[in-house]
Amino acid sequence: MIKATDVVKIYPNGVKALKGVSLEVAPQEVLVVIGPSGSGKSTILRALNLLEEVQDGEITIDGESLTHPKTNINKIREEVGMVFQSFNLFPHKTVLQNITMAPIHVKKMKKTEAIQVAEDLLKKVGLSDKRDVYPGQLSGGQQQRVAIARALAMKPKVMLFDEPTSALDPEMIGEVLDVMKELAKEGMTMVVVTHEMGFAREVADRIIFMDEGMKIEEDTPEEIYQNPKSERLKLFLSQIL
Amino acid sequence: MNSKRKDLFWNIFLVVFLLSVAAGIYASSKKVDYIWRWNRLPQYVVYKDIQEVRAPSDGIVSVSGKTVKITPPGSRSTPVLLENVKGISVRNGDTVFEGDVLAKNESYKLGPLLTGLLITLEISVYSIFFAIIIGVCTGLARISRNPFLKKLAIFYIELIRGTPLLVQIFIFYYFIGTIFNLGRMTAGVMALSVFTGAYIAEIVRAGIQSVHKGQMEAARSLGMSYTVAMLLVILPQAFRRTLPPMAGQFISLIKDSSLVSVISITDLTKSGREIVASTFSPFEVWFTVAALYLVLTSLLSYLVQLLEKKMSAQDK
Ligand SMILES: Nc1ncnc2c1ncn2[C@@H]1O[C@H](COP(=O)(O)OP(=O)(O)OP(=O)(O)O)[C@@H](O)[C@H]1O
Ligand SMILES: [Mg+2]
């Protein structure tokens, strides 16, 4: 479903955030990305829907090349949902409007249909009673669940999560992770940057460990956590445990 | 309790202070032998316009409804019919002579101060409208990645902000106005909108840049194009934040519009000058003109405050 080969990203300030990273995600697979701060986790994730332009390498989503100059990037982004650490809900729109905006204005869905889709998704993330409030009135966990519903409303083939729970108070982490687990169970293809080990063990098919812009290890959760091979991963695990 | 009493003291002090300033102004005008003639002013605000209808010839009057018929003496001459006459003051059978008053029409008309105020309002409304269009487009060009648009915007903004408005008005009227055969009003409105547009562009730019960049990323990640994301996500949020500085700019525009009087547009300021010339009461006239500008500007800031309240009620 996702294939990235030798992706290189150099920021305008000269920082080489990705030094040739390759990864592959099969349909319905869940890939978790871990690594210390500044290792390039966000950068590789954001490269997967071209929020960051890459300097070298190739990325394809469902067979379509992102890096090809003729690609209609908006079209591909419709199929790749993204959830951010800081939610990024639209504060001037109600919960319902946040969810229906892209289906109506991008997919040209009929308004009644979009509202139906949104209501179904709100039920799914357990926020049906919040459809007409503004994001500012919601807790962090609720906002993040709305953000997930908003991304799902475009019926994406792939969902990207960049540390979706690290801006949340501990008591709200569970409700967001539950929604993500549910999604994984339904067979959504997902790439998740997270340090939630419980989630990774339960849901991930594979984990990749990144450091200094490179992929250091890639393996099943059991192997990564119980049998780390590289010194860097051992050090990293000892720090987060 | 104590602080309340202190506040009361300072409030009373403020009133006393303002009253003494007023008294001071009055006293100094005494010193220069100024005679205040406030009673001359009202006629420049509204005045009673009297129109008389006079008899075109001698004869006997017959009135029916709004029609007056004057039958001249002697049977050979034809009667004269006057239609749609208001305020008829003669009765059936009266004998009138040529030049007699048949009807007196009284109506209230706007004096030069109010017509000037209306012209100022008209210029301001048009200029604000065009300045917003120019300002938003330039602001967007200013943050565009296209070097042509970006540099053009910077050039325009620097050019306008680096030259005096008065000079710009002259250039618009004498140079551009002559080439394109523009009327004074058009030239004046153009000068003011182009001038204010440059300032609004900077306000718009700052407003857009104050919206967190995660908003644009979220919108783009949902498949929205740059334009759609701008229109639906960024600009509405930027708009709310730019309201206070925008209001300040519009108030400046209303005040700056007084400069168009130099190209003979009879706005509030020009009316003021004309009235001073005929009444020799500069103090009263200019105080009144100032008060009328104040009415316009306070009205505007009141409206903007209402709008702001309405918008901030949304996200609590
Ligand atoms: N917009 C940017 N401009 C310049 N350098 C950047 C930018 N974003 C990230 N970087 C740099 O690129 C490197 C990788 O950053 P990235 O955000 O991908 O790390 P990360 O693994 O997501 O870290 P974290 O766990 O802190 O989120 C870092 O050295 C960072 O300083
Ligand atoms: Mg990150």
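These numbers come from the heavy atoms of this one structure, side chains and all, not from hydrogens, waters or symmetry mates. Throughout, a chain's letter reflects where its sequence line sits, starting with A, and its residues are numbered from 1. No experiment lies behind these values; they were computed from the predicted model shown.
Residue Glu53(A) places its CD atom among 12 or fewer non-hydrogen atoms of other residues, nucleotides or ligands, all under 6.0 Å distant. More than 12 non-hydrogen atoms from other residues, nucleotides or ligands lie less than 6.0 angstrom from OH of Tyr156(B). Within a 6.0 Å radius of CZ in Phe13(B), no more than 12 heavy atoms belonging to other residues, nucleotides or ligands are found. The 12-atom threshold is not exceeded at CZ of Phe180(B), counting heavy atoms of other residues, nucleotides or ligands nearer than 6.0 Å. By the 6.0 Å contact criterion, NZ on Lys107(A) is enclosed, its count of non-hydrogen atoms from other residues, nucleotides or ligands being greater than 12. In Lys151(B), the NZ atom is not crowded: 12 or fewer heavy atoms of neighbouring residues, nucleotides or ligands sit closer than 6.0 Å.
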**OP:** Decide side-chain contact (heavy atoms from CB on, under 4.5 Å) for Met224(B) and His105(A); before the verdict, give the C-alpha distance in whole Å, the side-chain angles of both, and the deciding distance to 0.1 Å.
**Re:** CA-CA 8 Å; Met224(B) 292 184 209; His105(A) 293 281; 5.8 Å; no

**OP:** Test Leu222(B) against Arg150(A) for side-chain contact (heavy atoms from CB on, under 4.5 Å), laying out the working first.
**Re:** CA-CA 8 Å; Leu222(B) 289 165; Arg150(A) 178 176 70 176; 3.7 Å; yes

Subject >> Arg46(A) vs Glu217(B), side-chain contact (heavy atoms from CB on, under 4.5 Å): CA-CA, chis, key distance, verdict >> reply: CA-CA 10 Å; Arg46(A) 291 157 57 83; Glu217(B) 291 183 347; 2.6 Å; yes

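Looking at Val106(A), only its side chain comes within 4.5 Å of chain B, counting heavy atoms on both sides. With a threshold of 4.5 angstrom between heavy atoms, Leu160(A) does not approach chain B through any atom at all.
With Ser221(B) as the partner, the side chain to side chain contact (heavy atoms under 4.5 Å, CB included) test is satisfied by one option alone out of Glu78(A), Met82(A), Met154(A): Met82(A).
Put simply, the side chain of Arg220(B) does not reach to within 4.5 Å of the side chain of Leu50(A), judged on heavy atoms.
A pairwise comparison of heavy atoms in Ala218(B) and Phe84(A) identifies CA-CE1, 3.6 Å as the closest pair.
Of the possible donor and acceptor atoms, one in the side chain of His92(A) sits under 3.5 Å from a partner among the backbone N and O of Leu232(B). Between the Asn88(A) side chain and the Gly214(B) main chain, a donor and an acceptor come within less than 3.5 Å of each other.
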